[in-house]
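Okay, structure first, notes after.
What you see is a predicted model; the values in this text were computed from it and never measured.
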Amino acid sequence: MIRLFHRPRHASEARRALSRFASTMRVLCVAEKPSIAKAVASHLSGGEVQTHNTPEKYIKNYVFDYDFGRPWGKCQVTMTSVLGHITSAEFPPEYKKWEYPPPDRLFDAPVNVVVAADKKKVAENIEKQARHANALCIWTDCDREGEHIGYEICEAAKKGNRTLEIKRAKFSNIERAHIINASKNLINLDPKQVNAVASRIELDLRIGYAFTRFLTTNLRSLGGPFQNLLLSYGSCQFPTLGFVVDRYFRVRNFKPEPFWAIKVMHKREGIDVHFSWARHRLFDRAAVIVLYERCLAAKKAKVTKVQEKPTKKWKPLPLTTVELQKMATIFLHMTGQQAMEAAEALYNKGFISYPRTETDRFDPGMNLRALVQKQTQSHAWGTFAQNLVDGGFQQPRQGRNDDKAHPPIHPVTFAAPSVLNEQEKKIYEFVVRRFLACCSEDAKGVATDVDIIYGEESFYAHGVVVLERNYLEVYVYDKWTGSVQLPKFTVGETFEPTEALMTEGKTAPPNYLTEADLIALMDANGIGTDATMAEHIQKIQERDYVRTVPRTSRPDEADDVEGGRGRGDRGGRGGRRGRGAATNARGGVMDFIPTQLGVALIEGFDRMNFETSLGKPFLRKEMELKMKAICEGRTTKEVVLDESIQQYRHVYMQSQQKLSVLKAVGVLFWP
DNA sequence: GCAAGGTC
């Protein structure tokens, strides 16, 4: 057999091999993170690859030959990566002091973009490798931030070589065929997306620094507890605080209202059947008494409808970051931050896929069966996985979100429990059970509805019998409650109810926010990204704007919750009502409550600037819309920066004028 | 001492 390509064993051999391709293109490929560089290098090289260490311990350079097709043809390739952003935006040294110049000067101070201190080695590796290359191919994630990181890579590479031809690969997962296809269909970087991110970076810097200094220095003069506080403002941390404060006041200002209802019970075949009132409840006691007495006078109830029909409980959607964090805070005794740390550790050990994703649909081309197969060796869920392999496998449901950068979170290889710490074990187990649930069948049952007329009032009973648990067997976090079997009823029959009661209750306030609620609100309002939401929540605790306290039960209140939704709450995607923190068996639900300080800051801004209060989430949403407009070519970076800086400068000036209002509120809520 | 966004 003649081997056309083989790994050179000696340096001299390597040099001879190289000289044969003296006229070939040399292409430098750069990914956003080491794992992508490794995966892409492996696919493109077919395994014939030399691996070199770099001064940065996380980054390796992979050298191999590859044919990109037209126009580059066969190339010598070096594939490497960065570690996220390389550069950072900062103010010149003369703006470092807090006393002078005044904070509002930060709205028009120069902003320098420099290589971040901890990214020097990363940038140098790119620059050095670029010197030997004819072309640069960007392999960063295909999202907005990825586009900007791609631009940063270009700038670093140009320092080493001004004449590079620059291209970008467009890919949304790291399956071999998809990556090969991307390599043969290179496109250009999109300057619009780069500009959108550049605007975000500059505005967050200016606004964050200006208002942080404004708050800290001005309230310090109140003395007392404000003396040594750092009062930060950020476009994400403040709206997050705003949600907590808003819910706090909804709970505090809640006025309970009494209501009355009628409940009908009937015992048959040893089963107590509870018929609910079609009117649910009324807030008029006299009216309910009249209706109730008519029921009693009628003595007998008549069955008007009996319906049995097949029903399903749907298996969950493929796992996103937001959903992972919500589930971890509800079922795994973890904070969002802890969940992310464990998930990142699992990812870095190669056990699960990339944990920061908005995507809740698997690419149809992915070989999910092979991933299920890897779980058959588990003592806990191996049998379930084996059943899927043996024919039970079903393609997962497709959600509506696709970030075009990462697949849903899923297990990559089997991890024995002994190699994981406690937190990692819990997250790994959850990721696997969720994945197996996605690959199995919906739970199936039969639903029975019985309607009756009693007096002139309608009542109904609903029952479900679970026939096939299917995914519920492995996905222990879901329960199909209300699975009570109803006894036999026949349309037209009459019976005398065992019991008919008039009940009394009062509406209860909504609960304080749990971390899962808070994450859902941030998600729905576009506050932060999947990678940063947990950080913002941690930040407002560090700053002592909010605290968590164990939920105290409220046994005296009725079972009927009124409201329960915060400002701007439209329910996060994938969120389900009726599965809240309050109802699970975990024991200690933690509520988020603002401190006096947190309340004072939000109240202060609300009273100073009522048309554009910084505590409201819509300013962040506005920034999101403006970024989108830049991406779609409807506006430009320059216009957005100009408009936004003017707008925030106005809020700043107004805050300065009404400083006495802020201070008064500060004293009112003296921490 | 300050932001939010990547990633390790």
Side-chain angles (χ1 to χ4, degrees), chain A residues 30-38 54 56-60 81-91 95-99 103 106-107 109 111 113 116 118-119 121-122 140-153 193-194 196-220 227-240 321 340-341 343-350 354-357 403 405-406 522 526-540 542-543 614 619-620 623-624 627 648:
Chain A
V30 187
E32 183 165 324
K33 44 188 163 269
S35 61
I36 299 288
K38 186 177 184 181
T54 73
E56 166 56 59
K57 64 175 172 177
Y58 295 113
I59 293 179
K60 294 195 177 3
S81 76
V82 292
L83 300 166
H85 288 285
I86 314 176
T87 57
S88 76
E90 50 184 56
F91 292 111
Y95 294 87
K96 290 270 192 293
K97 284 207 304 281
W98 284 47
E99 308 81 52
L106 297 177
F107 287 120
V111 168
V113 175
D118 56 342
K119 299 294 170 59
K121 288 176 189 165
V122 177
T140 50
D141 291 354
C142 293
D143 52 27
R144 270 191 323 229
E145 295 293 331
E147 215 66 12
H148 192 271
I149 293 168
Y151 169 76
E152 296 170 46
I153 292 167
Q193 290 187 62
V194 174
V197 173
S199 312
R200 199 254 322 140
I201 290 172
E202 187 176 324
L203 287 172
D204 279 339
L205 176 73
R206 292 188 188 284
I207 299 160
Y209 271 43
F211 280 100
T212 296
R213 290 182 185 183
F214 170 81
L215 281 175
T216 305
T217 50
N218 280 312
L219 289 180
R220 181 178 299 160
Q227 196 72 49
N228 300 308
L229 285 176
L230 173 61
L231 304 176
S232 62
Y233 170 83
S235 59
C236 288
Q237 47 179 276
F238 249 58
T240 306
T321 307
M340 286 313 290
E341 274 167 25
E344 277 153 19
L346 289 166
Y347 160 70
N348 287 324
K349 292 178 195 168
Y354 191 65
R356 295 186 273 271
T357 175
D403 62 19
H406 304 285
M522 296 172 74
I527 306 299
T529 68
D530 42 30
T532 61
M533 280 181 208
E535 288 172 27
H536 301 311
I537 293 174
Q538 209 180 34
K539 179 81 78 185
I540 59 175
E542 264 167 37
R543 295 278 186 260
L614 294 185
L619 279 173
R620 179 71 213 186
M623 169 128 50
E624 194 60 36
M627 282 170 72
Y648 280 95

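- The nucleotide whose nearest atom lies closest to any side-chain atom of Lys539(A) is, among dC2(B), dA3(B), dG5(B), dA3(B).
- Dashed line: the shortest gap from a side-chain N or O of His536(A) to OP1 or OP2 of dG5(B) is under 4.0 Å.
- Place Thr212(A) and Val82(A) on DNA chain B by their nearest nucleotides, and Thr212(A) ends up nearer the 5' end.
- When the side-chain contact (heavy atoms from CB on, under 4.5 Å) test is applied to Asp403(A), the partners found at least two apart in sequence or on another chain are Thr357(A), Glu358(A), Thr359(A), Ala405(A), His406(A).
- Among the heavy atoms of the strands lying under 4.0 Å from Gly528(A) are primed sugar atoms or P, OP1, OP2 only; no base atom is included.
- Of the side-chain N and O atoms in Arg206(A), none sit less than 4.0 angstrom from OP1 or OP2 of dA4(B).
- For the pair Glu147(A) (side chain) and Gln193(A) (backbone), a donor-acceptor distance under 3.5 Å is absent.
- The side chain of Ser232(A) places an N or O atom within less than 4.0 Å of a non-bridging phosphate oxygen (OP1 or OP2) of dA3(B).
- Side-chain atoms of Ser235(A) and Arg620(A) form a donor-acceptor pair, as typed in the model, at a separation below 3.5 Å.
- For dG1(B), neither phosphate oxygen OP1 nor OP2 lies less than 4.0 angstrom from any side-chain nitrogen or oxygen of Tyr209(A).
- No donor-acceptor distance shorter than 3.5 angstrom exists from the side chain of Thr532(A) to the backbone of Gly528(A), with no hydrogens or angles considered.
- Comparing Asp204(A) and Thr217(A) against DNA chain B, the residue whose closest nucleotide sits nearer the 5' end is Thr217(A).
- For Tyr354(A), whose side chain is taken as the heavy atoms from C-beta onward, the closest listed nucleotide among dA4(B), dT7(B), dG1(B) is dT7(B).
- The side chain of Thr532(A) contributes an N or O atom lying less than 4.0 Å from OP1 or OP2 of dG5(B).
- Phosphate proximity of dA3(B) to Arg543(A): present, with a side-chain N or O under 4.0 Å from OP1 or OP2.
- When each of dG1(B), dA3(B), dG5(B) is scored by its nearest atom to the side-chain atoms of Leu205(A), the top-ranked nucleotide is dA3(B).
- Residue Arg213(A) has no polar side-chain atom (N or O) positioned under 4.0 Å from OP1 or OP2 of dG1(B).
- Residue contacts for Tyr233(A): at a heavy-atom cut-off of 4.0 Å it reaches the sugar-phosphate backbone alone, with no base atom in range.
- Among the atoms of the strands shown, none is found under 4.0 Å from any heavy atom of Tyr95(A).
- Residue contacts shown for Arg620(A) are limited to sugar-phosphate atoms, with no base heavy atom under 4.0 Å away.
- When distances run from any side-chain atom of Leu230(A) to the nucleotides dG5(B), dG1(B), dT7(B), the shortest one goes to dG1(B).
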